[in-house]
Amino acid sequence: MSAQLELKHINKNFGGLRVINDLSFVAQPGQITSLIGPNGAGKTTLLNLISGIYQPDDGDILFDGVSIVGLEPHEITQRGIARTFQTLRLFLNMSIIENVMSASFSRAQMNLIDIVFRTPRFRREEQRLRNEAEEKLGFFGSRLVGYRFDQPAYSLSYANRRRLEIARAMMTNPKILLLDEPAAGMNPNETLEVTALIGQLRDEAGYTIILIEHDMSVVGGISDHVIVLDHGEKIAEGDFEDVVTDERVVEAYLGRKSS
Amino acid sequence: MDNFFAQLPQQIINGLTLGAVYALIALGYSMVYGILQLLNFAHGDVFMIGAFIGFGIMSAMLSTSAPSVIIIALMIVAAMIGCGVLGVVIERFAYRPLRNAPRIAPLISALGVSFFLQNVIQLTLSARFRTYQTAQLIPGSIGVDLGTARLSGVRALVIIVAFLLMFLLQYLVRRSKLGRAMRAVATDKDAAAMMGVDVDRVIMATFFVGSALAGAAGVLNGLVFFRIWHFMGFNAGLKGFTAAVVGGIGNVPGAMFGGFFLGFAETFAVGFLSPTFKDVIAFVVLIAVLLIRPRGLLGARLVQKV
């Protein structure tokens, strides 16, 4: 099995602060790879590096064996890596269906002429994208369908906004989904539901998933592989059970035992 | 008072004509502001270039036996394409390199482009006034008499073309992938990029569309008001900017509304008070609106509910 995503000796500094230090890991296709670690460990920075907002100072990031370092964020998305945000970044003034459809920009086959003259191709494409967006929203049961399609995104509850962000990321037709704390701010019931949903995204939709999460019930429930970061370094990696009993991990979260 | 009612229909027609021109200019201002938070002070000069492109086509074709409809269509289309391309070039060379600079930098750059365009025209075509030969294209005899008012052919043309363009724009922004991308980029550039939207291309398209509307406005303005010169963009730009702010800058329907609002205010000031008050009224309107509704008449509330 060849790696879907491979990070090789990534370093990243902000000013004099080393945020990511010689980090390497691989994510296998069709698996959920979870990144955990205390606040400030560099988890979100890592997602920003993968999605192209930041450039690594050195090291390489391979997607299906090809380097994606130096590509623009939209190019990386077009190649098949989509993400959600820890602090939600929906287009709040647009409708739910428009939020999802906006993520198909690069796939829509139409130009300015088609749009101005409403050619048959324009109508066909718009209809196709709308159907596709409705299908993605259908993945979340009845929550985001029907009359909801044309409601503005700001009318949604917090949990539904998180679901909408996932639907929007799915609309880019990715191979890899980067989920940045999808359960943040959710109540225990919603957290259970999100956990099941992430499992479905892997098992039914077949995405490779890289998950950042603080909630250990989510991470423990579905991760195939867990990587622990602290101060930008990988301090442990393996099964959830192995990792959470690792001495360095306990130390990173709780501090050193006084002797 | 009798005088007022006798004049009213004509003033409404005049207000619609002037408002249509202002609305088309305001749209470009507003779209660019919405997407980049940049006040594109060169926009008025793009309008001026549009007027000159139209004038050039008209001068070249009046001597031929081409029918007026073809000439006018060519004038508008050429001005729209020419200005659209000009807008894209301005964005590429004057604004994009400053995308991440402090906001004052592209503002100064915009003023520079404005002076540059004025001076290019002054140097190459001289500072003379030129006059649109509208009467040769649309004879003054064409028109509809409506009681005390008269809707001349050229005014009807201006109003119809402007409404058609605004309808198309509204359709583009509301119902196409480009419009969705524009609104997404206006809301959150980084998030849009990470959803696969090519932000640079969307910004280019915004400049193209906004500048093309200014180009059309330049031709329509020339057809109704005849005189054009290299410095006309300054005043037109200020009025377009005022209209955009009055309507709520960054908001497409707001720019249209603001344009007509300002057009009517000015026309009524000229018709019922004195032509001297034309510009005074425009800016009194601006100040009054800013005092009462700082976000503009149709300006959206910022939705920041978390």
Side-chain angles (χ1 to χ4, degrees), chain A residues 47-48 51-53 72-85 87-95 97-112 114-118 122-123 125-126 129 152-156 158 161 165 168-169 171-174 178 185, chain B residues 34-35 77 80-81 84-85 88 100 164-209 212-213 216 248 250-252 299-306:
Chain A
L47 281 205
N48 286 340
S51 52
I53 306 181
E72 294 288 322
H74 71 266
E75 294 171 322
I76 291 175
T77 307
Q78 285 165 14
R79 290 192 182 201
I81 302 180
R83 67 172 292 177
T84 65
F85 300 91
T87 51
L88 292 164
R89 290 172 81 170
L90 289 167
F91 308 126
L92 288 180
N93 282 320
M94 292 163 64
S95 74
I97 196 94
E98 283 178 335
N99 264 278
V100 180
M101 288 172 80
S102 67
S104 61
F105 179 79
S106 60
R107 289 189 287 122
Q109 299 294 316
M110 60 174 95
N111 54 39
L112 199 56
D114 290 321
I115 295 170
V116 170
F117 293 103
R118 296 189 66 191
F122 167 79
R123 285 180 225 198
E125 279 294 296
E126 284 288 320
L129 295 175
Y154 63 71
S155 68
L156 289 179
Y158 187 77
R161 290 184 189 191
E165 265 216 343
R168 187 178 66 172
M171 188 67 181
T172 65
N173 278 355
L178 311 173
Chain B
I35 212 155
V77 169
M80 286 182 76
I81 292 175
V85 171
V88 170
N100 297 314
L164 186 71
L165 289 174
M166 284 186 262
F167 172 79
L168 277 177
L169 177 75
Q170 184 66 7
Y171 189 83
L172 183 150
V173 171
R174 284 286 138 206
R175 290 270 177 276
S176 76
K177 72 149 189 173
L178 182 61
R180 275 192 301 277
M182 282 177 179
R183 284 179 289 146
V185 170
T187 314
D188 187 337
K189 275 187 209 37
D190 288 339
M194 271 174 288
M195 295 306 130
V197 176
D198 186 339
V199 173
D200 282 337
R201 238 178 71 196
V202 172
I203 291 173
M204 274 171 62
T206 308
F207 269 86
F208 184 89
V209 173
L213 293 176
N251 175 324
V252 166
R301 271 182 305 129
L302 282 182
V303 179
Q304 288 289 2
K305 194 171 66 172
V306 177

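Chain identifiers are assigned alphabetically (A, B, ...) following the order of the sequence lines, protein sequences preceding nucleic acid strands; residue numbering begins at 1 within each chain.
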Report task. Quick one: closest heavy-atom pair of Gly196(B) and Ser106(A), and the distance? Result -> O-CB, 3.7 Å

Query raised in the report: How far apart are the C-alpha atoms of Glu126(A) and Arg175(B), what are their side-chain angles, what is the distance that settles it, and do they pass the side-chain contact (heavy atoms from CB on, under 4.5 Å) test?
Result: CA-CA 9 Å; Glu126(A) 284 288 320; Arg175(B) 290 270 177 276; 5.9 Å; no

Query raised in the report: Side chain, backbone, both or neither: which part of Arg118(A) has a heavy atom under 4.5 Å from chain B?
Result: side chain

Query raised in the report: Step by step, would you call Glu72(A) with Asp200(B) a side-chain contact (heavy atoms from CB on, under 4.5 Å)?
Result: CA-CA 11 Å; Glu72(A) 294 288 322; Asp200(B) 282 337; 5.6 Å; no

Requested in this report: Just give me the residue among Met171(A), Arg83(A), Glu125(A) that pairs up with chain B most often, heavy atom to heavy atom, under 4.5 Å.
Outcome: Arg83(A)

Query raised in the report: What heavy-atom pair brings Leu92(A) and Thr187(B) nearest, and what distance separates the two atoms?
Result: N-CG2, 4.3 Å

Query - Thr172(A), part contacting chain B, at a heavy-atom distance under 4.5 Å - result: side chain

Query raised in the report: What part of Ala192(B) gets closer than 4.5 Å to chain A, counting heavy atoms only: side chain, backbone, both or neither?
Result: both

Requested in this report: Check for a donor-acceptor pair, side chain of Thr77(A) on one end and backbone N or O of Met194(B) on the other, with a separation under 3.5 Å.
Outcome: yes

Report summary line: So OG of Ser95(A) and CZ of Arg183(B): to nearest 0.5 Å the spacing works out to 7.5 Å

Report summary line: Comparing Arg79(A), Gln78(A), Glu75(A), Met94(A) against chain B, the one with the most heavy-atom pairs below 4.5 Å turns out to be Met94(A)

Report summary line: For Asp188(B) and Phe91(A), the nearest pair of non-hydrogen atoms, with its separation, is O-CE2, 3.9 Å

Report summary line: d(Lys177(B) NZ, Ser104(A) OG) to nearest 0.5 Å is 8.0 Å

Report summary line: CG (Asn99(A)) and CE (Met195(B)) are apart, to the nearest 0.5 Å, by 9.5 Å

Query raised in the report: Side chain, backbone, both or neither: which part of Leu168(B) has a non-hydrogen atom closer than 4.5 Å to chain A?
Result: side chain

Query raised in the report: Out of curiosity, Asn48(A) CG to Asp190(B) CG, how far, rounded to the nearest 0.5 Å?
Result: 9.0 Å

Report task. Using non-hydrogen atoms and a 4.5 Å limit, figure out which bit of Glu98(A) sits close to chain B: side chain, backbone, both or neither. Result -> both

